[in-house]
**Q** 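Here's a structure for you.
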Amino acid sequence: MRIAAIVTAYHPDERLLAVVDSVQESCAEIVVVDNTPDGAPSTADKIAAAATLTVLRPGVNRGLAHALNLGVSRLSRGTEAVIFLDQDSVLDPDVIPGLAEHLTDPSIGIATPAPWDVVHERFYETFSGRHEDVADRAISITSGMLIRRTLLERVGEFREDFFVDYADLEYSLRVRRTGARIVQDKRLKLPHSIGERRTHAFLGMRVAVTHKAPWRDYWQLRNGLITIREQGRFSPAWAVTAALYLGRAAVQAVAFEDDRRAHAGAVLRGARDAVTRKYSLRYLPQGAELTTRADGRKRRRG
């Protein structure tokens, strides 16, 4: 099977070079899409040129979904499957071959490893122990997702109006609506970072909270609620779990972040825009652009 890797990056550190090195033996081609703005240095500039390697630097941050779509558009015609990776996901040599074995089953459209916290040496998923080593799943995060090229063409593009959060989960649910299966193999681990995580005391309990900027709260609530609204009836069990997760995330953002007012505002605006399906440029990172496929125009936060 001819496999390509698409690596997305934004102000990457030296791990980006290790990610590229880790997939060279298993992938016939590699496309790196670096959203680092023009004028800022990037580790992507250190990647050695090769016939099988393409580095794209659009010069502006248009979000994860746009980077994924851009990478897919540059793949050669002979590519049979694509693995998406973040800039910090350095794979062991057996991961891609192990995932590719699952795609020998024509019913499987996506094979994915299990996200692994290398600091605490545990799976990120809270209830990971409830699943067998190889199990069908409702969704897959982008990093580590090995997907058939034919399925990418059938399902279409990632939603660029989502900018970052839930672009992968919404896509996974569209994949499953085609009848294709998503399989996770816990024997294959994906080193993955989910941000700054701190433990807080609350009513005599210890609560682990992943801290993030208010703009991430906005996109998480907006995109998550839109996804539940549009896809929930096709995956009701997932929708219930997602609603509980979003509720917990909203409470944690308001209760434990340093600037509670800013986070509360982001949560409320995200919920409102989920109802109207609008979006606020105020919650783009500084200098970023949002490209929507509805009219092809780019909207920029200066």
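All heavy atoms count here, side chains included; hydrogens, waters and symmetry mates do not. In this chain, residues are counted from 1 in sequence order.
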**Q** Scan residues 72-114 for pairs that pass ring-ring contact (aromatic ring centres under 6.0 Å, His included), counting only residues two or more places apart or in two chains.
**A**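 Sorted result for residues 72-114: Phe84-Phe158.
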**Q** Would you name the heavy atoms of Cys27 and Ala5 that are closest together and state the gap between them?
**A** SG-CB, 3.7 Å
**Q** Search all heavy atoms of Ala138 against all heavy atoms of Ile182 and return the closest pair with its distance.
**A**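 Of all heavy-atom pairs spanning Ala138 and Ile182, the closest is O-CD1, 3.7 Å.
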**Q** Should we say atom CD of Glu101 is surrounded by more than 12 heavy atoms from elsewhere, each under 6.0 Å from it?
**A**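 Atom CD in Glu101 is not packed in, count stays at 12 or less.
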**Q** Okay, side chain of Tyr171, backbone of Glu157: is any donor-acceptor separation there less than 3.5 Å?
**A** no
**Q** Determine yes or no for a side-chain-to-main-chain donor-acceptor pair under 3.5 angstrom, with Arg269 supplying the side chain and Arg222 the backbone.
**A** no
**Q** Could you tell me whether Arg149 and Glu80 make a salt bridge, using a distance below 4.0 angstrom between a side-chain N and a carboxylate O?
**A**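 Between Glu80 and Arg149 there is no salt bridge, as every charged N stays at least 4.0 Å from the carboxylate O atoms.
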**Q** Say whether, by atom type as modelled, one donor and one acceptor occur between the side chain of Thr104 and the main chain of Ala100 under 3.5 angstrom.
**A**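 Not a single qualifying donor-acceptor pair exists.
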**Q** Does the Asn223 side chain pair with the main chain of Asp165, one donor and one acceptor, at a distance under 3.5 Å?
**A** yes
**Q** Quick check on the hydrophobic clustering: are Leu268 and Trp219 connected, directly or via other members, by side-chain heavy-atom contacts under 4.5 Å?
**A**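 No; tracing contacts between hydrophobic side chains, which count when under 4.5 Å, never links both residues.
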**Q** So, Ser172 side chain and Ser140 main chain: donor-acceptor pair closer than 3.5 Å or not?
**A** yes
**Q** Would you check if the side chain of Asp105 reaches a backbone N or O of Ser107 as a donor-acceptor pair within less than 3.5 Å?
**A**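 Yes, Asp105 side chain to Ser107 backbone: donor-acceptor pair under 3.5 Å.
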**Q** Begin from the C-alpha positions of Arg57 and Asp45 and carry the test salt bridge (charged side-chain N to carboxylate O under 4.0 Å, His left out) through to its verdict.
**A** CA-CA 9 Å; Arg57 289 200 62 182; Asp45 296 332; 3.0 Å; yes
**Q** Okay, side chain of Asn61, backbone of Gly287: is any donor-acceptor separation there less than 3.5 Å?
**A** no
**Q** Counting N and O atoms only, with roles assigned by atom type, does the side chain of Asp185 sit under 3.5 Å from a partner on the main chain of Arg187, one being a donor and the other an acceptor?
**A**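 Between the backbone of Arg187 and the side chain of Asp185 there is a qualifying donor-acceptor contact (under 3.5 Å).
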**Q** Are any of the side-chain nitrogens in Asp136 or Arg181 under 4.0 Å away from the carboxylate oxygens of its partner?
**A**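 Arg181 and Asp136: salt-bridged.
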**Q** Measure from the side-chain N and O atoms of Gln87 to the backbone N and O of Tyr10, and report whether any donor-acceptor pair falls under 3.5 Å.
**A** yes
**Q** By the salt bridge (Lys or Arg N to Asp or Glu O under 4.0 Å) test, which pairs, at least two apart or in different chains, include something from residues 224-240?
**A** Arg159-Glu230, Glu230-Arg277
**Q** Please list all pairs meeting salt bridge (Lys or Arg N to Asp or Glu O under 4.0 Å) that have one or both residues in residues 21-31, counting only residues at least two apart or in different chains.
**A** none
**Q** Can you confirm whether Lys46 sits close enough to Leu16 that some side-chain heavy atom of one is under 4.5 Å from a side-chain heavy atom of the other?
**A** no
**Q** Working to the nearest 0.5 Å, report the span between CD1 of Ile139 and CE of Met145.
**A** 9.5 Å
**Q** Once you measure the plane-to-plane angle for Tyr283 and Tyr218, does it fall in the parallel (<30°), tilted (30-60°) or perpendicular (>60°) bin?
**A**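 Rings of Tyr283 and Tyr218: parallel, as their planes differ by under 30°.
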**Q** Quick one: does any side-chain atom of Ser26 pair with a main-chain N or O of Val23 as donor and acceptor, under 3.5 Å?
**A**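 Answer holds: no.
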